[in-house]
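Quick caveat, the model's predicted, so the values are computed rather than measured. All residue numbers in this chain count up from 1 along the given sequence. Every heavy atom of this structure was used, including side-chain atoms; hydrogens, water molecules and symmetry mates were not.
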Amino acid sequence: MPLVTTKEMFKKAYEGGYAVGAFNVNNMEIVQGITEACQEQKSPVVLQVSKGARAYANHTYLVKMVEAAVANCPDIPIALHLDHGPDFETCKSCIDGGFTSVMIDGSSLPFEENIALAKKVVDYAHEHGVVVEAELGTLAGVEDEVSVSAEDSSYTRPEEVEEFVSRTGCDSLAIAIGTSHGAYKFTAEQCTRNEQGILVPPPLRFDVLEDISKRLPGFPIVLHGSSSVPQDFVKKINEHGGKMPDAIGIPEEELRQAAKMSVCKINIDSDIRLAITATIREYFDVHPDHFDPRQYLKPARQAVKDMVTHKIVNVLGSNGKA
Ligand code: G3H
Ligand code: 13P
Ligand code: ZN
């Protein structure tokens, strides 16, 4: 089937109590690792491209790689989405250039400006059959293009969501309930420790999610910053010359819980980066004489596939939902 929008996949996810994984793609091995897992698991998927990914790999390369994946995975719905669109022009360029979904990230703007920008993107996108994700509330964390300190982050205010959605006409809403971007989601001070001395992060604000869901019945909610930062990857990285002390993510049980509620899209990028880096670091340690990139990119691609399979089956619940 051709690239699809997220409309139908979110409707089914909402009704079925699961979420669709939205994975960031930056190169061929990542596209292949994700989509091979989805094809095998018969799972719908959102492949998302950030401004940084477009700068790194080039818009056309990314679109063509995703089109190749669509041809190779005829049985599953795949949406191509702009992640964290920073302005109208970037959204327009992706809408004109083959994307089926865009995010306009006006979350750092004042309420009225966020609405005005999102509405402008929605009007253009809908004219072209493309859906729009907007964001209310600010996640902490560091990405290529955005850096938000914990003090400047803020939970979504439930009392604002109905007005925001009705005035913008957006198709889904990203909210802030305690997730954040990157591999260092919480400081040790924000966490408690269990009996084994392992850091336990503060729980997500399910009360805020519930309040928002009640105000927007049937409306798809999106969670950014939802990598779990698997500790086996972190350990492997640190054992093979890396230095990622105190990397910590969102517990998978909490994401599973959110997926059963109104959360229809769960964004994962850092876990892909960790899977690749852990695998390649170990590979170089074990095979210091190898220099053919295919030798180490092959297990790295497999690690992405294994990680995505795990998410689909154990966190998202999207297996068999294609
Ligand atoms: O949320 C952001 C994604 O992880 C993309 O990150 O801007 O470094 O490509 P990036
Ligand atoms: P992570 O950094 O938790 O993987 O979040 C990715 C994301 O939200 C992309 O938009
Ligand atoms: Zn994000």
Give a yes or no on whether Arg215 atom CZ has more than 12 heavy-atom contacts from other residues, nucleotides or ligands under 6.0 Å away.
yes

Heavy atoms from other residues, nucleotides or ligands near CZ of Phe88 exceed 12 (cutoff 6.0 Å)
yes

Please examine the side chains of Ser228 and Asp271, heavy atoms only from C-beta on, and report whether any two atoms are closer than 4.5 Å.
yes

More than 12 heavy atoms of other residues, nucleotides or ligands under 6.0 Å from OH of Tyr56: is that the case?
no

Decide, yes or no, whether a salt bridge links Glu239 with Lys235 under the criterion of side-chain N to carboxylate O below 4.0 Å.
yes

Does the side chain of Lys321 reach to within under 4.5 Å of the side chain of Met9, using non-hydrogen atoms?
no

Tell me whether Leu209 shares a hydrophobic cluster with Tyr14, the cluster being built from Ile, Leu, Val, Met, Phe, Trp, Tyr side chains joined at under 4.5 Å.
no

Correct closest heavy-atom pair for Thr156 and Gly137 would be OG1-CA, 3.8 Å

Does a side-chain heavy-atom distance below 4.5 Å link Arg54 with Val49?
yes

Flag side-chain contact, heavy atom, 4.5 Å: Met103 against His224
yes

Would you say Cys191 and Ile248 make side-chain contact, with heavy atoms under 4.5 Å?
yes

Verify the distance criterion only: is there a donor paired with an acceptor across the side chains of Thr90 and Asp87 at less than 3.5 Å?
yes

His59/Phe99 aromatic ring centres below 6.0 Å:
yes

Is the closest side-chain heavy-atom distance between Ile266 and Leu316 below 4.5 Å?
yes

Is any side-chain heavy atom of Ile212 closer than 4.5 Å to a side-chain heavy atom of Ser262?
no

Using 30° and 60° as the class limits, which term best fits the ring planes of Tyr283 and Tyr296: parallel, tilted or perpendicular?
tilted

Do Lys92 and Glu89 sit within salt-bridge range, that is, some charged N less than 4.0 Å from a carboxylate O?
no

Name of the residue among Ile268, Val45, Ile34 meeting side chain to side chain contact (heavy atoms under 4.5 Å, CB included) with Val308
Ile34

Tell me, do Thr6 and Lys265 make a side-chain contact under 4.5 Å, heavy atoms counted?
no

